[in-house]
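Read the structure below first, then the notes.
Chain identifiers are assigned alphabetically (A, B, ...) following the order of the sequence lines, protein sequences preceding nucleic acid strands; residue numbering begins at 1 within each chain. Because the structure is a prediction, the values reported are computed rather than measured.
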Amino acid sequence: DSGVTQTPKHLITATGQRVTLRCSPRSGDLSVYWYQQSLDQGLQFLIQYYNGEERAKGNILERFSAQQFPDLHSELNLSSLELGDSALYFCASSVEGRMSTDTQYFGPGTRLTVL
Amino acid sequence: GESVGLHLPTLSVQEGDNSIINCAYSNSASDYFIWYKQESGKGPQFIIDIRSNMDKRQGQRVTVLLNKTVKHLSLQIAATQPGDSAVYFCAEKAGGGADGLTFGKGTHLIIQP
């Protein structure tokens with residue numbers, strides 16, 4: 001158990017809908033990262049937040065957004081869902097995220113199925 | 001990194017043998033490398049990391065080797081056990097601090113009894 005929690009574990013929804021995925025980082029970690037894992041693209045970095053502020057952006061679509069709250073939990077919002085958005089979404093956390101050698105610990109993931 | 005596709009490279013080893021999983025990285029600016037293990041239905045689990053100023057690092061039953069000249073990373077697992085069955089990913093991070101990890105395609109390690 002990494003100490004990172006994610007809810008829900010599974011999510012099934014329809015095209016065009018909007019969903020919110022939630023992540024709680026390890027106790028004491030200030031940085032949260034979101035990743036998408038799909039069969040064709042593998043594991044891809046989406047976005048990073050550090051202490052409530054956006055720190056870095058990866059391959060995140062404009063239909064997706066995220067935020068980190070004062071209690072450091074984070075939410076990833078996915079809107080106008082398409083079939084291709086079906087994937088595993090992982091959250092990871094690290095102590096700071098300013099150092100390139102900061103270890104990222106991953107949560108168990110949310111499996112999103114868009115029908 | 002490359003896309004995973006439906007078929008991952010597979011390494012099949014006998015229980016008790018040593019395993020070597022290889023990874024090629026593409027970014028010369030990467031200065032931090034990590035190996036993760038992912039079991040079915042779970043998130044990636046940190047195994048071992050290495051900074052670019054090192055060429056070898058050892059952990060418990062695992063060793064990571066880094067060859068910056070040819071941009072190659074390897075993970076050696078000693079005395080492989082059934083619990084080592086999983087997909088193994090190498091990941092890299094460029095220097096400068098903020099940013100996510102870039103993952104390789106992954107290798108599926110299968111342990112034969």
- Note on the structure: One should read off an interatomic distance between Gln37(A) CD and Phe103(B) CZ, to the nearest 0.5 angstrom, of 8.5 Å
- Count the heavy atoms of every other residue, nucleotide or ligand shown that sit under 6.0 Å from CZ of Arg111(A), and state whether that count exceeds 12. no
- Treating Ile, Leu, Val, Met, Phe, Trp and Tyr as nodes and any side-chain heavy-atom pair under 4.5 angstrom as an edge, say whether Val87(B) and Ile111(B) lie in one connected cluster. no
- Joint cluster assignment, Val32(A) & Phe90(A), ILVMFWY side-chain distance < 4.5 Å: no
- Query: Can you name the residues of residues 34-67 of chain B that have some heavy atom under 4.5 Å away from a heavy atom in chain A?
  - Reply: Tyr36(B), Gln38(B), Gly41(B), Lys42(B), Gly43(B), Pro44(B), Phe46(B), Asp49(B), Arg51(B)
- Max heavy-atom pair count under 4.5 Å with chain B, selected residue of Pro108(A), Cys91(A), Gly58(A), Ser2(A): Pro108(A)
- Query: Are side-chain heavy atoms of Phe45(A) and Lys93(B) found at a separation under 4.5 Å?
  - Reply: no
- Message: So for Thr103(A), is it side chain, backbone, both, or neither that comes closer than 4.5 Å to the heavy atoms of chain B?
- Response: both
- Answer with yes or no whether the hydrophobic clustering places Tyr89(A) together with Leu81(A); edges join I, L, V, M, F, W, Y residues whose side-chain heavy atoms lie under 4.5 Å apart. yes
- Message: Can you tell me how far apart CG (Leu101(B)) and OH (Tyr35(A)) are? Round to the nearest 0.5 Å.
- Response: 3.5 Å
- Message: Assigning hydrophobic clusters by single linkage (Ile, Leu, Val, Met, Phe, Trp, Tyr; side-chain heavy-atom cutoff under 4.5 Å), is Leu88(A) placed with Leu46(A)?
- Response: no
- Message: Please determine whether residues Trp34(A) and Tyr49(A) belong to a single hydrophobic cluster, defined as Ile, Leu, Val, Met, Phe, Trp and Tyr linked transitively by side-chain heavy-atom distances below 4.5 Å.
- Response: yes
